[in-house]
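Note sheet for the following structure.
As the structure is a computational prediction, the values presented were derived from the model and not from experiment.
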Amino acid sequence: MKKIAYLVVTILAAMFSSCSDSDYLDAIPSESTLLISMNTAKLSGAGSQTLLKTLLHISNLDHTGIDLSANLFFFEDAQGNLGLCAKMEDPDKLGGLLKKAGLDIVIKRDCQFAALPNQWIIGYTDKAALLMGPVLAEAREEMMGQMAKYLKADEENGIRHTPIYNKVDSINAPMAMVCEARALPEQFVAPFTLGAPKDADPSQVLIAATLEVKDGCLWMSGETFSFNKRINEALQKATKTYRPIEGKYIGTMSDKDAVGMFLNVDGRQFIELMRRNRGLKTMLSGINSAIDMDNIIKSIDGDMTIITPSLGSDSFQLMMAAQLKHADWLADVDYWKQSVPQGGFIGDWGRDCYYYHGDKTNYYFGVTDDRQYMSGGSKEAALQSIRTAATPMAQTLQNKIKGQKLVMVINLAAMQGSKAQAVTSLLKPMFGQLNTIVYTLK
C-alpha cells in the first residue's frame with residue numbers, strides 16, 4: 001500500500017509540476033489565429049532573443065526576470081492584435097528593470113503594466129509576461145484592459161487545449177508556426193488556399209510550417225491543412241497536382257518584383273484548383289471576361305510562374321509564363337475579338353500575340369514558336385515573363401526553388417504602402433532586417 005500511495009503522490013506531483021511549467025500559456029487567448037513557438041534553447045541569432053531585446057530595448061536578457069528556458073510564443077488574437085507570451089520567473093526583477101528605464105508601472109486587476117517607448121505594452125503577473133502592440137497612446141487603456149483579461153485567464157480560456165496549439169507543439173523544430181489563412185495579408189492568401197472547396201472559409205484553412213532565418217531571408221517550409229475533415233481531404237488531394245519544378249522560369253523574377261509563385265503542373269488538373277480559388281479568380285477577373293483563361297490554363301503542361309511586379313496599384317499587375325502542351329485555343333481569338341465586353345478591345349501585336357485593353361486593364365499575351373505562354377501588363381512585360389531578368393533574384397533563392405513542388409517568394413523591399421509597413425513592422429522585431437520570405441510546400 002505504501003508503494004502504491006508513493007506512486008500516486010509521485011504521479012500527482014509530476015502532473016502539478018507539468019501544469020505549473022506550462023500554465024503561463026493560459027495568457028494566450030484560445031481564439032488566436034496565429035501561433036509561433038520559439039525554443040530559446042535551440043535558437044541562435046535572429047529569433048526569440050532578437051525579439052525580446054528589440055521590444056524591451058535591452059542588450060542583456062539575463063536579469064529581466066523572464067524564464068528563457070521555456071518556449072516563447074508569438075500570437076495574433078482574434079482582433080488582429082499581435083502579442084508575445086513568455087514565462088515569468090521573477091516579476092520583481094522585471095519591475096525593477098522597467099523602473100530603472102524610467103517607465104511608470106500601472107496596476108490593473110492585479111496585473112502590472114508599462115508602456116514601452118516603441119508603442120508596445122508589457123503586462124505581467126507572477127506566471128506570465130505579455131508584450132502586445134503596436135498601440136497608439138490613446139488606445140493604451142483599452143489594450144491594457146484586454147491584456148489583463150488574457151493574463152487572468154484560466155486553462156479553459158487559454159491556448160493549451162486548442163487544436164492550433166496541439167499542432168504547433170507537434171512540430172519538432174526550433175521555430176514552428178501554425179496560422180489560419182485569414183491571419184495572412186490578403187495578397188498572400190491565394191496560394192495557400194489552392195485546393196480548398198469553394199465554400200471553405202479562410203479561417204478553416206491553416207498553414208503549419210517550420211521557420212528559419214538566414215542571410216536576411218525567412219525560409220518557411222510547410223503544408224496547408226484543415227481541422228475540418230472534408231476540407232483537409234481536398235487540400236491533401238490538391239498537393240498531388242504539383243510536380244517538381246524544373247526551373248525554366250526561376251530567373252524571370254527580378255530582385256525588384258514584389259511576389260512570385262512557381263510550380264509545375266498539368267493544366268487540366270490545375271484549372272480545377274483555380275476555379276475553386278477566390279483569390280486567383282479575383283486576380284484574373286479583369287481579363288477573364290474577355291479572354292478564355294480557363295482554356296489557356298488547361299493547355300499548360302510543365303513549369304508555370306505568376307509574378308506580381310508591384311502591389312497596391314489600381315492597374316492590372318500580373319506576369320504569367322508557362323510551358324504549353326498545345327495552343328489550340330489560338331483558334332478562338334477571332335471569336336474573343338468579336339465578343340469582347342463593351343468598352344474593351346482585343347488587338348494584335350505580333351504573330352500569335354494579342355493584347356486586351358479594358359477598364360483599368362491592359363493585358364498582353366502570346367505564344368512563342370516553342371509553345372511558351374507569355375503575358376504581362378505591357379508588351380515589354382509579356383516578353384520579359386519568359387526571359388531572364390536583367391537583375392534576377394539571388395542565386396541562392398533560385399537554387400532553393402528548383403525541385404520543389406510549389407514556392408512563393410515575397411520581396412519585402414518591393415512592397416509599398418500601409419499594408420506593406422504592417423507586414424514589416426510585424427516581422428522586424430522577430431527576425432531583424434528581412435529582405436525576402438520564401439515559402440516552400442513540403
(request) Give a yes or no on whether the backbone of Ile159 and the side-chain of Thr162 come within a donor-acceptor separation of less than 3.5 Å. (result) yes
(message) Check this for me: does any side-chain nitrogen of one of Arg351 and Asp369 sit under 4.0 Å from a carboxylate oxygen of the other?
(response) yes
(request) Give the C-alpha distance, both sets of side-chain angles, the deciding distance and a yes or no for side-chain contact (heavy atoms from CB on, under 4.5 Å) between Leu25 and Phe73. (result) CA-CA 8 Å; Leu25 298 176; Phe73 287 84; 3.4 Å; yes
List, one per line, each side-chain donor-acceptor pair under 3.5 Å for residues 220-227, sequence neighbours excluded.
residue	atom	partner	partner atom	Å
Thr224	OG1	Phe192	O	3.4
Ser226	OG	Gln204	O	2.6
Ser226	OG	Asn228	N	3.0

(message) Is the ring pair Phe75/Tyr150 parallel, tilted or perpendicular, if the boundaries are 30 and 60 degrees?
(response) perpendicular
(message) So does Thr388 get a backbone contact from the side chain of Thr252, meaning a donor-acceptor N/O pair under 3.5 Å?
(response) no
(request) Can you sort out the partners of Asp294 under salt bridge (Lys or Arg N to Asp or Glu O under 4.0 Å), two or more places apart, ordered by chain and number? (result) Arg275
(request) To the nearest 0.5 Å, tell me how far Phe262 CZ sits from Ile250 CD1. (result) 7.0 Å
(message) Could you tell me if Asn166 and Asp169 have a donor-acceptor pair between their side chains, going purely by distance under 3.5 Å?
(response) no
(message) Tell me whether Gln384 contacts the main-chain N or O of Arg387 through its side chain, where contact means a donor paired with an acceptor under 3.5 Å.
(response) yes
(request) Keeping the roles fixed (side chain from Asp303, backbone from Glu246), state whether a donor-acceptor pair exists under 3.5 Å. (result) yes
(request) Just say parallel, tilted or perpendicular for the rings of Trp329 and Tyr373, cut-offs at 30° and 60°. (result) perpendicular
(message) Suppose we screen for salt bridge (Lys or Arg N to Asp or Glu O under 4.0 Å). Which residues come up paired with Asp67, at least two apart in sequence or across chains?
(response) Lys87
(request) Please answer whether the main-chain N or O of Asp23 pairs with a side-chain N or O of Glu155 as donor and acceptor at a distance below 3.5 Å. (result) no
(request) For the residue pair Gln338 and Asp334, confirm or rule out a side-chain donor-acceptor distance under 3.5 Å. (result) no
